[in-house]
Amino acid sequence: MPQKSFETRARELASAFAAKDYERCSHLLPQLKVTLSQLNILVPRLSSDLELLAVARDILEIGALTAIFLRDDLLFSRYIAQLSPFYAMKDKIQPPSSNEKKVIALRLLLLLSKNDIAEFHTELETLEDEADKDVYIRYPVMLERWLMEGSYDKVWKATTQRSEVPAEEFAIFADILVDTIRSEIATCSEKAYPSLPLMNAKHLLFFTEDADLVEFIDQRGWSTKDGRIYFPQESTDPLESGLPMENIIENTLGYARELETIV
């Protein structure tokens, strides 16, 4: 593909992405990546044309964001791997990226939604003090802190209320994070209580439909009788959950403020 045609296709990709035509983007991206490889700029080098590297970086960023909108986690991770050497050369490539921090923050959010806390912190260590300065990076860092504290109600609000989300791409992870929150609350509840009333558990786990709660109960292997959920009693040591008993109870009460009793 001649360079002029390549630049035309790159502009077409940018236009399709701006129009939120992600299917069109997914059609254009493989062709453009082949051309990037032919131009020897799919992997950046100091000897490469820096203006073309900026175009290549922008194409890969659109690819990463398109993968998010198409809910393709694996494809997103592949684009992140391809973007890493570009970001390592960010002081050389001009103009600077307008999407770098957003893409990195989405990578952090993906790790968080997968509960890959070790890799999350490894990635975070490379960002120095940007966790406090950048609005995008600050979002997953804030969520991780709340998850580690057990402040699941704050995570719920930050992931489900659009006014709390820094960009629409981040909202796509809401369902995954909600599942993570429910799993954590369920684990803490199993350690803290022998049983809970069904209606209390419904609010506690942020369910709005009874059918969804029933499905969740089946998945966890819980039993129900006379309007209560009974948890498997494999261990009676509350410290095995990683939180003192009083913290579990305090946090759980906070998630279900409207409940008068939960024991």
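- Scored by the side-chain hydrogen bond (donor to acceptor under 3.5 Å, both in side chains) test, R24 finds E12 as partners (sequence neighbours excluded).
- L177 approaches L109 most closely through the heavy-atom pair CD1-CD1, 3.6 Å.
- Expressed to the nearest 0.5 Å, how far CG of D58 lies from CG of N99 amounts to 7.5 Å.
- Partners of Q161 by side-chain hydrogen bond (donor to acceptor under 3.5 Å, both in side chains), not counting sequence neighbours: none found.
- Within 6.0 Å of CD in E209 there are 12 or fewer heavy atoms belonging to other residues, nucleotides or ligands.
- In this structure, the side chains of S223 and F231 stay at 4.5 Å or more apart for every pair of heavy atoms.
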For a quick test of your reading: what N or O donor-acceptor pairs under 3.5 Å do the side chains of residues 80-87 make, sequence neighbours left out?
| from | atom 1 | to | atom 2 | distance (Å) |
| --- | --- | --- | --- | --- |
| Q82 | OE1 | K33 | NZ | 3.1 |
| S84 | OG | I80 | O | 3.0 |
| Y87 | OH | E61 | OE2 | 2.6 |

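- Both L46 and L39 are assigned to one and the same hydrophobic cluster, defined by single-linkage of ILVMFWY side chains at heavy-atom distances under 4.5 Å.
- The salt bridge (Lys or Arg N to Asp or Glu O under 4.0 Å) pairs that include a residue from residues 98-111 are K90-E100, K101-E130, K102-E169, R107-E119, R107-E123, where partners are two or more places apart or lie in different chains.
- Counting heavy atoms from C-beta outward, V141 and L124 have side chains that approach closer than 4.5 Å.
- For residues 211-226, every residue pair satisfying the salt bridge (Lys or Arg N to Asp or Glu O under 4.0 Å) rule, not counting sequence neighbours, is listed here: E190-R220.
- Contact detail for A10 and L32: the closest heavy-atom pair is N-CD2, 3.9 Å.
- Going from atom CG of L13 over to atom OG of S26 covers 10.0 Å, rounded to the nearest 0.5 Å.
- The two residues T126 and T122 make their nearest non-hydrogen contact at CG2-O, 3.7 Å.
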- Task: Apply side-chain contact (heavy atoms from CB on, under 4.5 Å) to the pair Y136 and L106, showing each step before the final yes or no.
- Result: CA-CA 8 Å; Y136 295 126; L106 286 165; over 6 Å; no
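- A distance of 12.0 Å separates SG in C25 from NZ in K20, rounded to the nearest 0.5 Å.
- In this structure, T66 and F76 have side chains that are not in contact, with every pair of non-hydrogen atoms separated by 4.5 Å or more.
- Sorted by first and then second residue, the ring pair (Phe, Tyr, Trp, His ring centres under 6.0 Å) pairs with a member in residues 21-58 read F17-Y22, Y22-F69; sequence neighbours excluded.
- For the side-chain hydrogen bond (donor to acceptor under 3.5 Å, both in side chains) test, no residue two or more places apart in sequence or in another chain qualifies with D179.
- A pairwise comparison of heavy atoms in G221 and P232 identifies O-CG, 4.0 Å as the closest pair.
- Going from atom CG of L205 over to atom OG of S183 covers 10.0 Å, rounded to the nearest 0.5 Å.
- No donor-acceptor pair closer than 3.5 Å links the side chain of S15 to the backbone N or O of R11.
- T224 places no side-chain N or O within donor-acceptor distance of the main-chain N or O of I229, the cut-off being under 3.5 Å.
- In this structure, the side chains of L108 and L127 come closer than 4.5 Å at one or more pairs of heavy atoms.
- Using a 4.5 Å heavy-atom threshold, the side chains of V34 and L42 count as separate.
- The salt bridge (Lys or Arg N to Asp or Glu O under 4.0 Å) contacts involving residues 72-86 comprise D73-K114, where partners must be two or more places apart or lie in separate chains.
- Side-chain contact between L147 and N115 is absent, with no heavy atoms from C-beta onward closer than 4.5 Å.
- In this view, W156 and F206 satisfy the ring pair (Phe, Tyr, Trp, His ring centres under 6.0 Å) rule, not counting sequence neighbours.
- Between atom CZ of residue R228 and atom OH of residue Y230 there is a gap of 5.5 Å, rounded to the nearest 0.5 Å.
- Residues meeting the side chain to side chain contact (heavy atoms under 4.5 Å, CB included) test with E51, sequence neighbours left out: D49.
- Following chains of ILVMFWY side-chain contacts shorter than 4.5 Å, one cannot reach I93 starting from V43, and the two form parts of different hydrophobic clusters.
- Of the possible donor and acceptor atoms, one in the side chain of Y139 sits under 3.5 Å from a partner among the backbone N and O of A158.
- The ring pair (Phe, Tyr, Trp, His ring centres under 6.0 Å) test applied to F207 returns F216, not counting sequence neighbours.
- The shortest distance between side-chain heavy atoms of W222 and L196 does not fall below 4.5 Å.
- At a threshold of 4.5 Å between side-chain heavy atoms, the hydrophobic network of Ile, Leu, Val, Met, Phe, Trp and Tyr places V103 and V135 in one connected group.
- The salt bridge (Lys or Arg N to Asp or Glu O under 4.0 Å) analysis of residues 197-206, with sequence neighbours excluded, yields the pairs K202-D210.
- Once rounded to the nearest 0.5 Å, the distance linking CD of Q94 with CG of L53 reads 11.5 Å.
- Within the 4.5 Å cutoff, the side chain of I68 has no heavy atoms near those of the F170 side chain.
- The backbone N or O of L50 lies less than 3.5 Å from no partner atom in the side chain of S48, so there is not a single donor-acceptor pair.
- A continuous path of ILVMFWY side-chain contacts below 4.5 Å connects I185 to I117, so both sit in one hydrophobic cluster.
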- Message: The test is side-chain contact (heavy atoms from CB on, under 4.5 Å); show your working for E144 and H121 and say whether it passes.
- Response: CA-CA 10 Å; E144 190 270 343; H121 283 284; 2.9 Å; yes
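- Residues V155 and M148 share a hydrophobic cluster, clusters being chains of Ile/Leu/Val/Met/Phe/Trp/Tyr side chains in contact below 4.5 Å.
- Remark: the backbone N or O of Q31 is paired with a side-chain donor or acceptor of T35 at under 3.5 angstrom.
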- Item | Working for side-chain contact (heavy atoms from CB on, under 4.5 Å), residues V165 and T159 | CA-CA 7 Å; V165 180; T159 55; 5.9 Å; no
